[in-house]
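Step one of this worksheet: look at the structure below.
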Amino acid sequence: MGQSLDGMAVELGKMGDTLDGIEDRIVCDAWHSERQALVDARRHLVIIHRQMATLTNLFRHLDHSHRDDLPDPINDMAARLSHRAHTLHHDGEQLQARTRLLQDELMAKLTEQSNQLLYILSVMTAVLLPMTTISGLFGMNVGGLPLVGTPLGLWAVTAISIAFAGIVYMIVRRLGRV
């Protein structure tokens with residue numbers, strides 16, 4: 001049992017080192033490839049946690065139910081192993097909580113990036129809306145459209161579209177959103 005607990009302690013140490021590396025990359029904004037590593041770490045910690053919970057419950061049951069049936073040296077050894085299993089179980093829970101926090105931080109960064117991209121897309125849509133409207137109006141095949149017979153009509157419509165796009169951009173910028 002002691003060797004089994006030693007092995008689990010080594011695994012928890014490795015997982016702590018892995019989480020340190022993931023956390024460093026998340027903090028340094030090199031987090032783009034860390035989602036799968038974090039999922040793998042959480043999965044591995046869940047497996048270790050289940051094993052630790054089983055051992056902790058086993059020793060707790062042994063310590064409480066059969067204390068009087070066993071000789072003192074075995075009771076002492078069981079108490080030490082129980083304490084060690086409980087400590088490792090607690091360490092595993094702390095690592096699991098840490099992975100949840102790292103995953104929350106990673107999701108916050110992904111959400112922030114998505115929001116920035118959606119904002120840029122919204123600004124571009126607002127800036128291009130006047131040009132789209134003007135080109136839609138002038139693209140109709142009906143008579144009586146202004147500037148159709150003028151040789152500089154294309155350039156006049158282009159200038160009007162750019163002017164409207166500039167006005168929309170200035171309005172958005174004045175609102176403090178760009």
Side-chain angles (χ1 to χ4, degrees), residues 7-54 87-178:
M8 288 185 187
V10 168
E11 286 295 316
L12 287 177
K14 288 178 186 176
M15 290 307 302
D17 293 341
T18 300
L19 290 178
D20 287 343
I22 292 171
E23 185 174 26
D24 288 343
R25 288 184 292 278
I26 288 174
V27 169
C28 294
D29 284 334
W31 53 269
H32 298 287
S33 61
E34 295 304 315
R35 276 178 84 181
Q36 189 59 45
L38 194 55
V39 168
D40 292 341
R42 283 192 73 184
R43 185 177 302 121
H44 192 67
L45 278 171
V46 165
I47 292 169
I48 293 173
H49 183 261
R50 287 179 187 155
Q51 293 171 351
M52 291 306 305
T54 302
T87 302
L88 288 174
H89 185 257
H90 179 70
D91 292 347
E93 287 176 340
Q94 286 181 331
L95 286 174
Q96 279 188 316
R98 187 173 168 202
T99 59
R100 282 190 292 272
L101 288 173
L102 286 173
Q103 191 167 24
D104 288 346
E105 188 170 345
L106 187 61
M107 287 297 131
K109 287 184 179 280
L110 284 170
T111 302
E112 181 182 342
Q113 183 183 37
S114 294
N115 287 342
Q116 288 173 349
L117 292 173
L118 284 174
Y119 178 72
I120 289 169
L121 182 63
S122 298
V123 168
M124 288 178 62
T125 302
V127 168
L128 295 175
L129 180 64
M131 288 187 238
T132 305
T133 304
I134 292 170
S135 66
L137 287 174
F138 280 92
M140 292 185 209
N141 291 325
V142 295
L145 289 174
L147 305 173
V148 172
T150 310
L152 297 177
L154 171 69
W155 300 112
V157 172
T158 303
I160 291 169
S161 297
I162 291 173
F164 276 129
I167 290 168
V168 169
Y169 180 75
M170 294 304 283
I171 289 170
V172 170
R173 188 175 178 141
R174 184 168 287 162
L175 291 174
R177 304 286 189 213
V178 176

Checklist entry - Do Arg35 and Leu110 pass the side chain to side chain contact (heavy atoms under 4.5 Å, CB included) test, and can you show the C-alpha distance, the side-chain angles, and the key distance before you say yes or no? => result CA-CA 10 Å; Arg35 276 178 84 181; Leu110 284 170; 3.7 Å; yes

Item to check | Worked verdict on Leu129 versus Val168 for side chain to side chain contact (heavy atoms under 4.5 Å, CB included) | outcome: CA-CA 9 Å; Leu129 180 64; Val168 169; over 6 Å; no

Next on the checklist: Working note: Arg98 + Asp20, criterion salt bridge (Lys or Arg N to Asp or Glu O under 4.0 Å); need CA distance, chi angles, decisive distance, verdict.
Outcome noted: CA-CA 10 Å; Arg98 187 173 168 202; Asp20 287 343; 2.4 Å; yes

Next on the checklist: Using side chain to side chain contact (heavy atoms under 4.5 Å, CB included), reason through Lys14 and Val10 one step at a time and then give a plain yes or no.
Outcome noted: CA-CA 6 Å; Lys14 288 178 186 176; Val10 168; 3.8 Å; yes

Item to check | Chi angles and distances behind the side chain to side chain contact (heavy atoms under 4.5 Å, CB included) call for Leu121, Leu117 | outcome: CA-CA 6 Å; Leu121 182 63; Leu117 292 173; over 6 Å; no

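Here the straight-line distance linking atom CG of Leu38 with atom CD of Gln36 works out to 9.5 Å at 0.5 Å rounding. Note that CG of Leu101 and CD1 of Ile26 are 10.5 Å apart. Values are rounded to the nearest 0.5 Å. Atom CD of Glu34 sits about 10.0 Å away from atom CG of Asp24, to the nearest 0.5 Å. Rounding to the nearest 0.5 Å gives a distance of 12.0 Å between CD1 of Ile22 and CD of Glu105. Here the straight-line distance linking atom OG1 of Thr99 with atom CD of Glu23 works out to 11.5 Å at 0.5 Å rounding. Atoms CD1 and CE, on Ile162 and Met131 in that order, are 6.5 Å from each other to the nearest 0.5 Å.
Taking each heavy atom of Leu45 and Leu12 in turn, the nearest pair found is CD2-CD2, 4.0 Å. Closest heavy-atom contact between Leu19 and Ala41: CD2-CB, 4.1 Å.
Heavy-atom neighbours of Met124 CE from other residues, nucleotides or ligands within 6.0 Å: at or below the threshold of 12.
For Arg43 and Asp40, the salt-bridge test passes: some basic side-chain N is under 4.0 Å from an acidic carboxylate O.
Counting heavy atoms from C-beta outward, Glu11 and His44 have side chains that approach closer than 4.5 Å. No side-chain heavy atom of Met15 sits under 4.5 Å from any side-chain heavy atom of Arg42. Within the 4.5 Å cutoff, no side-chain heavy atoms of Val127 are placed close to those of Val172.
With sequence neighbours excluded, the residues that form a side-chain contact (heavy atoms from CB on, under 4.5 Å) with His89 are His49, Met52, Ala53, Thr56, Glu93.
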